[in-house]
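For reference, the structure is listed below as structure tokens.
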Amino acid sequence: MRLATWNVNSIRTRADRVAAFLQREDVDVLALQETKCRDDQFPEMVFSALGYEVAHVGHSQWNGVAILSRVGLEDVTVGFPGMPSWSSKEGLDATPEARALGATCAGVRIWSLYVPNGRTLADPHLQYKLEWLAALRAAGSDWLTETPETPVALVGDWNIAPEDDDVWDMAVFAHSTHVSPPERAAFRAIVEAGYADVVRPYAPGPGVYTYWDYTQLRFPRREGMRIDFVLGSPALAGRVTNALVDREERKGKGASDHAPVVVELAD
DNA sequence: ATGGTGGACCATCCA
């Protein structure tokens, strides 16, 4: 099975590009983040015409996650148990954001995840992000305990650069999110719970990134961040035979600011 | 030499 994850930054703008990627990379299952649309706006027919089933959750122009699969799409779950909601200052808006979608594809449990952006170190969104990640760790631990034989893949945009080599210049991020000790600890806790980064062994840094800001000519200057990850349970990690970051997808007009990450699994 | 983001959607928010 070929499994991929991609923050597309609007599926409506990039549906054709995503379809071309699926065919070019021979992808069986694709997790998408930042679809930026409601369910009724998702261009499902572009993908059903290619033989993919689609699961999506999106409530507005913000967030939105999907899973496309041509090897089955079962037990679709919106949000994970205990997933926090963002609450406004008044605490009135408790609608869960569209940031997590689970599905079972050919026996593999896949979670398409869009981890909240902490914005700045002083912003309450950072606390929300940390709570969200702690809840994910708790849920992920439970899945390993309950069904250790089921391969689980936690994939998506984590909005964390876990190692110094995952940004082009640590000095630039001295007072920024994505590299702060609590964020890195939250990520590490998920790894320590049993979910390994299955891509890094096949695509070691430094200089391997999955995201380049649209501004400041970051991509041509090779100034990016590695913030999109495929974390696999032991049953999944044992089946990985290859992985890559498809940097070509960041090139040209109409590119997302993220590149797809592809993992090959033995049958 | 110069300039340098893009997507949601319509005044701004978000990344």
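Annotation: B:dA11 and B:dG7 have their C1' atoms spaced 15 Å apart (nearest Å). For B:dC13 and B:dC9, the C1' atoms lie 10 Å apart once the distance is rounded to whole Å. Rounded to the nearest Å, the gap between the C1' atom of B:dG4 and that of B:dA8 is 22 Å. The separation of B:dC14 from B:dC10, taken at their P atoms, amounts to 15 Å, rounded to a whole angstrom.
Residues that satisfy the side chain to side chain contact (heavy atoms under 4.5 Å, CB included) test with A:Arg222, not counting sequence neighbours, are A:Arg247. A search for salt bridge (Lys or Arg N to Asp or Glu O under 4.0 Å) contacts involving A:Glu74 returns nothing, not counting sequence neighbours. For A:Asp169, there are no salt bridge (Lys or Arg N to Asp or Glu O under 4.0 Å) partners at least two apart in sequence or on another chain. Looking at residues two or more places apart in sequence or on another chain, you find a side chain to side chain contact (heavy atoms under 4.5 Å, CB included) between A:Gln216 and A:Arg218. Among residues two or more places apart in sequence or in another chain, the salt bridge (Lys or Arg N to Asp or Glu O under 4.0 Å) test is passed with A:Arg184 by A:Asp164.
The CE atom of A:Met1 sits 12.5 Å away from the CG atom of A:Asp26 when rounded to the nearest 0.5 Å.
Under the 6.0 Å distance and 45° angle rule, A:Arg250 counts as a cation-pi partner of A:Phe219.
Contacts classified as side chain to side chain donor-acceptor pair (under 3.5 Å) and involving residues 235-246 of chain A (residues at least two apart or in different chains) are given here: A:Arg24-A:Asp246.
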Show me the donor-acceptor pairs within less than 3.5 Å that the side chains of residues 140-150 of chain A make with the rest of the protein, sequence neighbours left out.
from, atom 1, to, atom 2, distance (Å)
A:Ser141, OG, A:Arg137, O, 3.1
A:Thr145, OG1, A:Ser141, O, 3.0
A:Thr147, OG1, A:Trp143, O, 3.2

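Scanning DNA chain B 5' to 3' for nucleotides with an atom closer than 4.0 angstrom to a non-hydrogen atom of chain A gives a first and last hit of B:dG4 to B:dA15.
Comparing A:Gly254 and A:Leu217 against DNA chain B, the residue whose closest nucleotide sits nearer the 5' end is A:Leu217. Nucleotides of DNA chain B nearest to A:Arg38 and A:Glu34 differ in position, and the one nearer the 5' end is that of A:Arg38.
Note on A:Ser10: only backbone sugar-phosphate atoms sit closer than 4.0 angstrom, heavy atoms only; bases stay farther off. Among the protein residues, A:Arg14 comes within range of the sugar-phosphate backbone only, with heavy atoms under 4.0 Å from sugar or phosphate atoms but none that close to a base. Nucleic acid contact class of A:Phe219 (heavy atoms, under 4.0 Å, all strands): none. Contacts of A:Arg218 with the nucleic acid, taken as non-hydrogen atoms under 4.0 Å apart, are absent.
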For DNA chain B, the dot-bracket pattern of Watson-Crick and G-U pairs whose distances stay under 3.5 Å, | for other-strand partners: ....((((...))))

